[in-house]
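What follows is a set of notes on a single structure, which appears directly below.
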Amino acid sequence: MKLIVHGASGRMGQNILKLAEENAAHSLAAAVSPELTADGEKNFLNLSDFAGEAEMIVDFSHHSAVSALLDYAKSRKLPVVIGTTGHTEEEQTLIRQAAKEIPVFYSRNMSVGVALLVQLAKQTAKVFPDAEIEIVEIHHDQKLDVPSGTALMLAEGIREVRPGATFNIGRPDHGKRTKDEIGIHALRLGNVVGVHEVLVSTGTQTLTLKHEAHDRMLFAQGAMTAAEYLLGKAPGLYDMGTMLG
């Protein structure tokens with residue numbers, strides 16, 4: 001699979017490059033980032049600078065670049081895996097619209113383990129429909145978005161089986177907990193890669209579902225798995241839940 005790595009100078013982009021180099025089934029078509037030194041062969045400052053052969057785009061750039069990314073992907077009919085997080089509602093709309101023309105894999109977390117956690121959280125919420133649910137996420141102190149996209153992915157997954165659920169982010173006000181709320185709490189500490197915990201309490205028992213990331217490479221591994229899954233797919237919006245079935 002010939003890859004364009006968008007956001008190649010960042011930590012995740014560098015991990016994708018490493019995985020592509022280590023796997024004989026993959027090859028690098030282009031590394032794209034404004035922070036690279038362009039050479040006209042493999043390194044490019046902008047996507048529009050590259051017109052060579054490619055089969056897949058893997059994006060770990062910045063959410064604000066999504067419009068240009070999708071325009072390029074659509075113009076070349078290339079599938080794209082979006083591993084970048086923090087997209088606004090407007091940017092998410094662009095993603096959904098692009099998926100009508102090209103295959104798009106979009107997940108707020110590229111960990112297969114987190115995708116399984118979402119499924120387990122949904123199943124637990126369904127089995128215990130009256131239980132109180134709280135989500136706690138911990139990340140490094142340089143993370144920008146609050147709460148994390150993964151915490152929102154968990155909450156939205158639970159809301160699929162609890163349509164009336166509301167999100168109480170950070171619980172900023174005084175007052176009793178409401179029956180339908182899902183509390184979401186963010187902690188920022190040191191260099192924590194990522195911890196997500198779902199607590200489900202019936203009053204007589206508590207179930208704790210937890211995923212802890214030890215190395216950011218796991219997100220690159222998940223993105224590469226997603227790229228392999230997406231190759232050859234029809235236009236549409238795909239995610240980890242789709243991939244896991």
Side-chain angles (χ1 to χ4, degrees), residues 1 3 5-7 11-13 15-16 19-20 23 26 56-61 63 66 69-70 73 78-87 91-96 98-100 102-126 133 135-139 143 145 147-162 165 167 182 184 193-198 209-245:
M1 180 167 53
L3 295 170
V5 181
H6 187 227
R11 285 184 298 185
M12 293 308 305
N15 285 338
I16 294 292
L19 291 177
N23 190 329
H26 305 311
M56 180 73 58
I57 305 172
V58 177
D59 170 62
F60 276 104
S61 57
H63 68 86
V66 72
L69 166 69
L70 294 172
L78 287 172
V80 57
V81 174
I82 301 176
T84 306
T85 61
H87 294 94
E91 290 163 349
Q92 290 180 46
T93 298
L94 293 177
I95 292 171
R96 290 190 291 269
K100 298 175 182 178
I102 58 172
V104 178
F105 192 104
Y106 175 59
S107 177
R108 287 173 171 149
N109 189 301
M110 283 293 170
S111 164
V112 176
V114 164
L116 179 58
L117 179 66
V118 173
Q119 290 188 352
L120 292 172
K122 290 170 62 175
Q123 183 179 0
T124 305
K126 186 175 182 179
I133 299 178
I135 298 170
V136 180
E137 55 101 340
I138 310 173
H139 284 88
K143 187 171 180 62
D145 48 325
S148 70
T150 304
L152 290 173
M153 186 167 69
L154 284 161
E156 289 169 359
I158 293 168
R159 189 155 61 181
E160 289 179 17
V161 297
R162 288 191 178 184
F167 302 161
I182 298 173
I184 307 175
V193 175
V195 179
H196 292 88
E197 195 167 14
V198 182
L209 309 173
K210 182 177 181 180
H211 178 273
E212 184 169 357
H214 301 298
D215 191 315
R216 290 178 178 84
M217 181 59 81
L218 78 91
F219 305 120
Q221 292 168 340
M224 291 297 282
T225 300
E228 292 166 355
Y229 165 80
L230 195 64
L231 192 65
K233 290 288 190 296
L237 187 59
Y238 302 87
D239 58 20
M240 282 292 178
T242 308
M243 187 171 72
L244 292 181

### Query
What is the minimum heavy-atom distance between I184 and P147, and which atoms define it?
CG2-CB, 3.7 Å
#### Entry: Closest non-hydrogen atom pair between F105 and M240, with its separation
CZ-N, 3.5 Å
### Message
To check you understand the geometry: which heavy-atom pair defines the closest contact between I57 and A73, and what is its length?
### Response
CD1-CB, 3.9 Å
### Query
Below 4.5 Å, heavy atoms only, C-beta onward: do T150 and L117 meet side chain to side chain?
no
### Message
Do V112 and M243 make a side-chain contact, defined as non-hydrogen atoms from C-beta onward lying under 4.5 Å apart?
### Response
yes
### Task
Give the C-alpha distance, both sets of side-chain angles, the deciding distance and a yes or no for side chain to side chain contact (heavy atoms under 4.5 Å, CB included) between I133 and R162.
CA-CA 11 Å; I133 299 178; R162 288 191 178 184; 3.7 Å; yes
### Query
CD1/I158 to CD/E160 distance, rounded to the nearest 0.5 angstrom?
10.0 Å
### Beyond-backbone contact of R11 with F60, side-chain heavy atoms, under 4.5 angstrom
no
### Summary
Looking only at heavy atoms, the pair that brings Q92 and H87 closest together is NE2-O, 3.2 Å
#### Entry: Sub-4.5 Å side-chain heavy-atom contact between F219 and V193
yes
### Query
How many angstroms lie between CG in D239 and CE in M110, if you round to the nearest 0.5 Å?
9.5 Å
### Message
A quick test of your reading: do over 12 heavy atoms of other residues, nucleotides or ligands sit less than 6.0 Å from CD of Q119?
### Response
yes
### Summary
Output for pair (E91 CD, R96 CZ), nearest 0.5 Å, gives 11.5 Å
### Task
Show your reasoning for whether side chain to side chain contact (heavy atoms under 4.5 Å, CB included) applies to L154 and I182.
CA-CA 10 Å; L154 284 161; I182 298 173; over 6 Å; no
### Query
Shortest non-hydrogen contact from L244 to A115?
CD1-CB, 3.5 Å
### Side-chain donor or acceptor of E137 paired with backbone N/O of S148 under 3.5 Å
yes
### Task
Would you mind reporting whether H6 and V80 have side-chain heavy atoms less than 4.5 Å apart?
no
### Query
Heavy-atom distance under 4.5 Å between the side chains of H196 and I135, does that happen here?
no
## Note on the structure
The reported gap from CG in L19 to CE in M217 (rounded to nearest 0.5 angstrom) is 4.5 Å
## Note on the structure
Between the CG atom in N109 and the CG atom in L218, the distance rounded to the nearest 0.5 Å is 7.5 Å
### Query
Looking at L237 and Y106, what are the two nearest heavy atoms and their distance?
CD1-CB, 4.1 Å
### Message
Distance check, rounded to the nearest 0.5 Å: D59 atom CG versus L69 atom CG?
### Response
4.5 Å
I'd like a table of donor-acceptor pairs (distance under 3.5 Å, sequence neighbours excluded) in which one partner is a side-chain atom from residues 223-236, with atom names and distances.
residue	atom	partner	partner atom	Å
T225	OG1	Q221	O	3.0
E228	OE2	H26	NE2	2.9
K233	NZ	Y229	O	2.8

### Donor-acceptor under 3.5 Å (T84 side chain, S61 main chain)
yes
